[in-house]
Amino acid sequence: GDSVTQMEGPVTLSEEAFLTINCTYTATGYPSLFWYVQYPGEGLQLLLKATKADDKGSNKGFEATYRKETTSFHLEKGSVQVSDSAVYFCALIFLGGNQFYFGTGTSLTVIP
Amino acid sequence: ETGVTQSPTHLIKTRGQQVTLRCSSQSGHNTVSWYQQALGQGPQFIFQYYREEENGRGNFPPRFSGLQFPNYSSELNVNALELDDSALYLCASSSTTSGGLAYNEQFFGPGTRLTVL
């Protein structure tokens, strides 16, 4: 079935370190791909998205490229800040579909 | 523009009781989806409402039911609560055209934290 697999956490990095959170997907069609972020005690916020192969989504210094050949959508940031500490969720949805399929989330802690 | 709001913020119930959670969709949105997020897990799709009718359902039993009102707000009802129903319940709003084409971007509310004792 359709699913999303994320790298297991938690991830702990020093401020200004490079971040990669891996995400791969299994899908019967060609989904749109998303990264959501959840800060402690809050709901989900859309971080970035890509709707077709080779698209790159970017926001707040985060980037992810839709790789159809490897069915991946890895999240990267060149220099993390303490304020980036949160849980990150990779998700997919099909065009016209009604439900997101989420990964299990990756917790990131950035220490000064 | 008003975002998605949910009430209450927190709720404590005992096993066997019933609960109603509420969601107001973002201005201009006509579709509401509900998700259950267990501790340490990603959100799981419960169901979606469009035009006051259920428009898709995930793998949840019938004791999870919902309503959508003419102003597009929504309720999630859970009967015969079980301990495993303890979770964060998220509501998300989005737009669907009159032709049934859904715009995929869903905007999430802050959630209701339900604890079942």
Side-chain angles (χ1 to χ4, degrees), chain A residues 1-11 21 23-27 29-52 55 57 59 66 73 75 86-108, chain B residues 3-7 9-10 21 23-24 26 29-51 53-60 66 68 87-97 99-113:
Chain A
D2 304 312
S3 65
V4 174
T5 301
Q6 286 182 237
M7 67 181 281
E8 302 229 349
V11 174
I21 301 178
C23 170
T24 58
Y25 67 89
T26 302
Y30 300 106
S32 296
L33 301 174
F34 294 72
W35 277 99
Y36 279 88
V37 59
Q38 187 173 38
Y39 297 100
E42 299 184 12
L44 301 178
Q45 298 178 24
L46 176 64
L47 182 58
L48 54 83
K49 65 179 181 180
T51 58
K52 61 183 187 296
D55 269 2
N59 185 29
Y66 189 142
F73 192 54
L75 182 68
V87 181
Y88 293 81
F89 291 94
C90 184
L92 68 83
I93 190 168
F94 293 98
L95 179 65
N98 55 19
Q99 66 168 301
F100 274 101
Y101 296 86
F102 284 91
T104 53
T106 302
S107 175
L108 169 67
Chain B
V4 179
T5 60
Q6 292 186 242
S7 63
T9 306
H10 296 88
L21 311 181
C23 170
S24 293
Q26 182 166 308
H29 288 177
N30 57 12
T31 303
V32 174
S33 305
W34 286 92
Y35 292 80
Q36 180 195 66
Q37 186 181 8
L39 194 63
Q41 300 297 315
Q44 298 290 316
F45 177 72
I46 302 174
F47 44 54
Q48 183 182 83
Y49 276 81
Y50 168 60
R51 288 184 172 175
E53 293 188 356
E54 190 177 286
N55 181 41
R57 187 180 185 94
N59 189 27
F60 281 82
Q68 187 180 33
L88 180 67
Y89 287 85
L90 296 167
C91 165
S93 75
S94 56
S95 292
T96 303
T97 68
L101 179 65
Y103 290 97
N104 289 157
E105 188 157 347
Q106 297 186 5
F107 294 82
F108 285 82
T112 294
R113 173 74 62 188

Exercise. Any idea which of P43(B), G42(B), G109(B) has the most non-hydrogen atom pairs under 4.5 angstrom with chain A?
Worked result: P43(B)
Seminar exercise, completed: d(Q44(B) CD, F100(A) CZ) to nearest 0.5 Å is 14.0 Å
Exercise. Among all residues two or more places apart in sequence or in another chain, which pass the ring pair (Phe, Tyr, Trp, His ring centres under 6.0 Å) test with Y49(B)?
Worked result: F47(B)
For this session: Check each atom of I46(B) against the heavy atoms of chain A and say whether the ones under 4.5 Å are side chain, backbone, both or neither.
Result: neither
Exercise. Is atom CD of E8(A) surrounded by more than 12 heavy atoms (other residues, nucleotides or ligands) closer than 6.0 Å?
Worked result: no
Problem set entry | N55(B) side chain vs N98(A) backbone, donor-acceptor pair below 3.5 Å | no
For this session: Give the ring-plane orientation class for Y36(A) versus F108(B), where under 30° counts as parallel, over 60° as perpendicular and anything between as tilted.
Result: perpendicular
Result block: side-chain N/O donor-acceptor pairs under 3.5 angstrom for residues 43-51 of chain A, not counting sequence neighbours:
unit_1 : atom_1 : unit_2  : atom_2 : d
Q45(A) : NE2    : E42(A)  : OE1    : 3.3
K49(A) : NZ     : E105(B) : OE1    : 2.8
T51(A) : OG1    : D55(A)  : OD2    : 3.4

Seminar exercise, completed: Heavy atoms of Q41(B) and F89(A) approach each other most closely as O-CE2, 3.7 Å
Exercise. Using non-hydrogen atoms only, which part of Q6(B) is less than 4.5 Å away from chain A: side chain, backbone, both, or neither?
Worked result: neither
Exercise. Can you tell me how far the CZ atom of F34(A) sits from the CD atom of Q106(B), to the nearest 0.5 Å?
Worked result: 8.0 Å
Exercise. Considering only heavy atoms, which portion of Q38(A) lies under 4.5 Å from any heavy atom of chain B: side chain, backbone, both, or neither?
Worked result: side chain
Exercise. Counting only heavy atoms not in Y39(A), do more than 12 fall under 6.0 Å of its OH?
Worked result: yes
